[in-house]
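Below is one structure, written out as structure tokens; comments come after it.
Numbering of residues begins at 1 and proceeds along the displayed sequence. Every heavy atom of this structure was used, including side-chain atoms; hydrogens, water molecules and symmetry mates were not. All of these numbers come straight from a predicted model, not from anything done at the bench.
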Amino acid sequence: MQLYDQTVDSRLLLGTAQYPSPDILTRAIGESGTEVITVSLRRETAGGSGTRFWDILRSQNKRILPNTAGCHTAQEAITTAKMARDLFETNWIKLEVIGNADTLQPDVFGTVEAATALCADGFDVFPYTTDDLIVAEKLVDAGCRVLMPWGAPIGSGQGIRHPDALRAMRAHFPDITLIVDAGIGRPSDASKAMELGMDGVLLNTAVAKAGDPIAMAHAMSLAIQAGRISYQAGAMEPRDMAVPSTPILGLAELV
């Protein structure tokens, strides 16, 4: 999977929040096979608190993708992104500008505004967005080479609510890396996203809040691999009626 100038083998990106313990977090990271882990930057952490958590993440030898979670304006997100670049020494930023406190739906206007400014400032922006094609076009025009449309609201576990929209996005942007971000609850959801032609899946709550996060991380990894292979193999489309798998022509007629 191509992420700007980097190529990664794993198509699973894993969030690092809400895990029961640091040990479970590190074991889930290992079991998932991910090469990219995401972390939200709070302003207070840049001042020195939370050092042990950052040390744990750095010890995993994974690519860190900071995000602007919790930001509700473009300016908040831009400021947070610049802090993250200084702290983590990376131009990668997962851009979140939240527009609704209940659904956590992105503010698409603020997202485009922030993406435009950050791309111009040399960031490689991974924008959390809706599945709207017009918004996606504006983000691509701003310089984004990766888009992260939601499957459903963050942490809802509702799966892929609008598969046709994601399928249309794949067809409309054949050369853009598409990663489903938010709403995945089960391995079957992750596999479905990949069967729709998505390049990858970003997970957090589905793994962190599972009864066994380590086993779930492994299950999600397998599901993503299976969904990708299914997409490449050309899975059959649903039919309106039954079609016999054994041809009728040539069957024996018993009189």
Hey, are the side chains of T26 and Q60 touching, using non-hydrogen atoms and a 4.5 Å cut-off?
-> yes
So, are R170 and D199 salt-bridged, with charged N and O less than 4.0 Å apart?
-> yes
OG on S32 to CG on L222, rounded to 0.5 Å = 11.0 Å
Evaluate the side-chain proximity of K82 to D86: yes if any heavy-atom separation is below 4.5 Å, no if none is.
-> no
N/O donor-acceptor pair under 3.5 Å between S191 side chain and P187 backbone = no
All heavy atoms of T205 vs all of G155, minimum pair found to be OG1-CA, 3.9 Å
Kindly compute the distance separating CD1 (I160) from CH2 (W150), expressed to the nearest 0.5 Å.
-> 12.0 Å
Indicate, with yes or no, if I29 and M220 share a hydrophobic cluster defined by side-chain heavy-atom contacts under 4.5 Å among Ile, Leu, Val, Met, Phe, Trp and Tyr.
-> yes
Indicate whether the side chain of S10 and that of E35 have a donor and an acceptor atom separated by less than 3.5 Å.
-> no
Heavy atoms of other groups near K138 NZ, more than 12 under 6.0 Å = no
dist T73:OG1 -> I98:CD1 (nearest 0.5 Å) comes out at 11.5 Å
Does the pair K192 and D189 meet the rule for a salt bridge (Lys or Arg N to Asp or Glu O under 4.0 Å), with working shown?
-> CA-CA 5 Å; K192 178 65 174 179; D189 300 331; over 6 Å; no
Is it true that L196 and Y231 fall in one hydrophobic cluster, defined by side-chain heavy atoms closer than 4.5 Å?
-> no
So, R167 and D164, do they make that salt bridge, N to O below 4.0 Å?
-> yes
Do M169 and V180 share a hydrophobic cluster, counting only Ile, Leu, Val, Met, Phe, Trp and Tyr and linking them when any side-chain heavy atoms are less than 4.5 Å apart?
-> yes
If two hydrophobic side chains count as joined below 4.5 Å and joins carry through other members, does I154 share a cluster with L203?
-> no
Donor-acceptor pair, side chain of T116 and main chain of A142, under 3.5 angstrom = no
Say you draw a straight line from OG of S40 to CD of E96; how long is it, rounded to the nearest 0.5 Å?
-> 8.5 Å
Grouping ILVMFWY residues whenever side-chain heavy atoms fall under 4.5 Å, the cluster of I78 otherwise contains M1, L3, Y4, V8, L13, V36, L65, W92, I93, L95, V97, L118, F123, V125, F126, V146, M148, I179, L202
Answer with yes or no whether the hydrophobic clustering places M216 together with L12; edges join I, L, V, M, F, W, Y residues whose side-chain heavy atoms lie under 4.5 Å apart.
-> yes
Nearest non-hydrogen partners of S156 and A152, listed with the distance | OG-CB, 3.6 Å
Please report the shortest heavy-atom distance between D181 and K94, naming the atom on each side.
-> OD2-CE, 2.8 Å
Quick one: which of V39, I64, I56 gives a side-chain contact (heavy atoms from CB on, under 4.5 Å) with T16?
-> V39
How many angstroms lie between atom CG of D107 and atom OG1 of T129, to the nearest 0.5 angstrom?
-> 10.5 Å
Short question: side chain of S230, backbone of A226 - any donor-acceptor pair under 3.5 Å?
-> no
M83 side chain reached by P66 side chain, heavy atoms, under 4.5 Å | no
Do R85 and D121 touch side chain to side chain, with heavy atoms closer than 4.5 Å?
-> yes
Closest heavy-atom pair, A28 versus A217, reported as atoms and distance to 0.1 Å, is O-CB, 3.5 Å
Which distance, rounded to the nearest 0.5 Å, do you find between the CG of L178 and the CG of D175?
-> 10.5 Å
Counting only heavy atoms not in R27, do more than 12 sit closer than 6.0 Å to its CZ atom?
-> no
Contact check, side chains of H172 and E137, non-hydrogen atoms, under 4.5 Å | yes
